[in-house]
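Each chain gets a letter, A, B and so on, in the order its sequence line appears, and its residues count up from 1.
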Amino acid sequence: MSTFIKPRVPRGMRDILPEQMIRRQYVIDVIRDVFEEFGFEPLQTPALELSEVLTGKYGPDAEKLIYQAGHTGGKEDISLRYDLSVPLCRVIAMYPQLPKPFKRYQIDPVWRAERPQKGRYRQFFQCDADTVGSESMLADAENVNLVYQVLSRLGFKQFEININDRKLITGIGQYAGVPTAQLGGLYRSIDKLDKIGVDGVIAELRENEIPEDVIEKLIELLQIGGDAADVLTDMNQRLGSSEIAREGIADLEKLINHLTILGVPEQYYRVNVAMVRGLEYYTGPIYETVVEEPKIGSITGGGRYDELIGSFSKQSYPATGTSFGIERIIDVMEEFDMFPVSVGKTVTQVLMTVFDDQLMDESLKLATVLRQGGIRTEMYFRPTKISAQLKYAGNKGIPYAVILGSDELAGGNAAVRDLTTREQENVPLDKVVETIKSMIRTVSD
RNA sequence: GUGGAUGUAGCUCAGGGGUAGAGUGCCUGACUGUGGAUCAGGAGGUCGUGGGUUCAAAUCCCAUCAUCCACCCCA
């Protein structure tokens, strides 16, 4: 009878303990604020979807990573959602009355049956903002602007939003004359440019038996750099004969112009024709943010998917969106200690100590006053030594303690102790709230 | 899915075929009204799990699971 189950969680999943949760909430709050600032509305969908909703959307590689969620006796074939975009498309098709453009955000977990490692989990949160029903490049520019706004508000200094376009990529493939069957491998190789360098890409293309003259053409294209407008002009000259490439270039030109007007500084984005992205459903502009340090892959990703809703309904809609990976953003922020001091270890602001049994009631009353004054207050439940109570508060990271002993009470006071500076002062009982509030304000300024 | 490394106290880790170690943290006391110092005590581990070899396994072998790293792919 006394056999215990070893407590553990499924592979690649983890508990998020309070200290960690406080940081997550801070990041999520920043993201949500920005989303709502741009007029995106909240949406929630089930964690589980019918498998048929998810299959055939992401491409064969990604589809293998969908978590099956069948249960004994279950009559429906269901799976855990792989992302938030496909469920959104299902929603659009199910509720045609939603006014367009429909702008929604969703912050929820998704599941992928991958092998976990740093920055890669089997359950992780995505924060998506998407616009459905507008083909304007303004919507895409807004996506990029969201990324810029969120990351700069979180204190990121070094990041680069890579921008490309699926139409342009297709044009490049045509221009190079690569057979359709080999296009996937081709894109995968050039996507690694930043990682393995030009020589690495050449080697890989040769391995894939891409003709030498094609490789040469491609490498020339991929090495085009400079500011966004120049890259696009250059591309236009070289690929102008391809209609699809021209469309992609025109889209990107509009997008870049909008970014300029919106005030997104040029240093934070670049047109990178070597950036591909794996998901099959993208049809137009795509974007992805990478940070150099730590090497954690992309922290945001997104793009336009004009055909996806059409797989659920006769009435299709153009759509575009972007996604933030909270886990990776937090990993980066922890690595560089980017959390403001106001994001502490605990939500509690004050520990109300209890001096002895006789004074318990007085402490309880004062705790209530503190809470009514808007101060998050934990009551110590046992009249142990003050030293133990202060130690508890200190360990927990509670910034202030209020001590109500017989001496203080005799003078109509309570002692307010700053656990960080170890300074304390006696304050009249009716001034305690005010005193603590001003202390909190001073620290967060 | 492929390859590699690791798994010993709450945490960081040492050790190594014969009674399980350090640092740190934790608890108690010196300190009967004040948490980072000092001193003195103390608790805490079937050495990831299962099997095998052996008189004897934490140690050697096999398997398995978990974590980390690389690949693949991705947030």
Checklist entry - So A/Phe40 and A/Tyr105, ring-ring contact (aromatic ring centres under 6.0 Å, His included) or not? Walk me through it. => result CA-CA 6 Å; A/Phe40 290 87; A/Tyr105 71 87; 7.7 Å; no
Under 4.0 Å between a side-chain N or O of [X] and OP1 or OP2 of [N]?
| X | N | value |
| --- | --- | --- |
| A/Lys391 | B/G25 | no |
| A/Arg277 | B/A75 | yes |
| A/Lys192 | B/C72 | yes |
| A/Lys195 | B/A70 | no |

Checklist entry - When the distance from CG of A/Leu390 to C1' of B/U34 is rounded to whole Å, what number comes out? => result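 The distance from CG of A/Leu390 to C1' of B/U34 comes to 5 Å, rounded to the nearest Å.
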Checklist entry - If you write RNA chain B from 5' to 3' in dot-bracket form, with Watson-Crick or G-U pairs under 3.5 Å, [ ] for crossing pairs and | for pairs with another strand, what do you get? => result (((((((..((((....[..)))).(((((.......))))).....(((((..]....))))))))))))....
Item to check | Interface with RNA chain B, restricted to residues 10-33 of chain A and to heavy atoms under 4.0 Å | outcome: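 Output list: A/Arg11, A/Gly12.
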Next on the checklist: Using the rule side chain to side chain donor-acceptor pair (under 3.5 Å), only one of A/Asn162, A/Asn143, A/Thr322 pairs with A/Tyr287; which is it?
Outcome noted: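 Of all the options given, the one that passes is A/Asn143.
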Checklist entry - Does NZ or CZ of A/Arg112 lie under 6.0 Å from the centre of the six-membered ring of A/Tyr82, at an angle within 45° of the ring axis? => result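 Output yes; distance and angle both within limits.
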Item to check | Under 3.5 Å: donor-acceptor pair, side chain of A/Thr368, backbone of A/Leu364 | outcome: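 Such a contact is found between A/Thr368 side chain and A/Leu364 backbone.
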Next on the checklist: Which residue is it: A/Phe156, A/Phe324, A/Tyr268? I am looking for the one with a ring-ring contact (aromatic ring centres under 6.0 Å, His included) to A/Tyr148.
Outcome noted: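 With A/Tyr148 as partner, A/Phe156, A/Phe324, A/Tyr268 yield a single ring-ring contact (aromatic ring centres under 6.0 Å, His included), made by A/Tyr268.
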Checklist entry - What do you reckon, do A/Phe324 and the base of B/A75 stack, with centroid distance below 5.5 Å and planes below 30°? => result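 A/Phe324 vs B/A75: stacking no.
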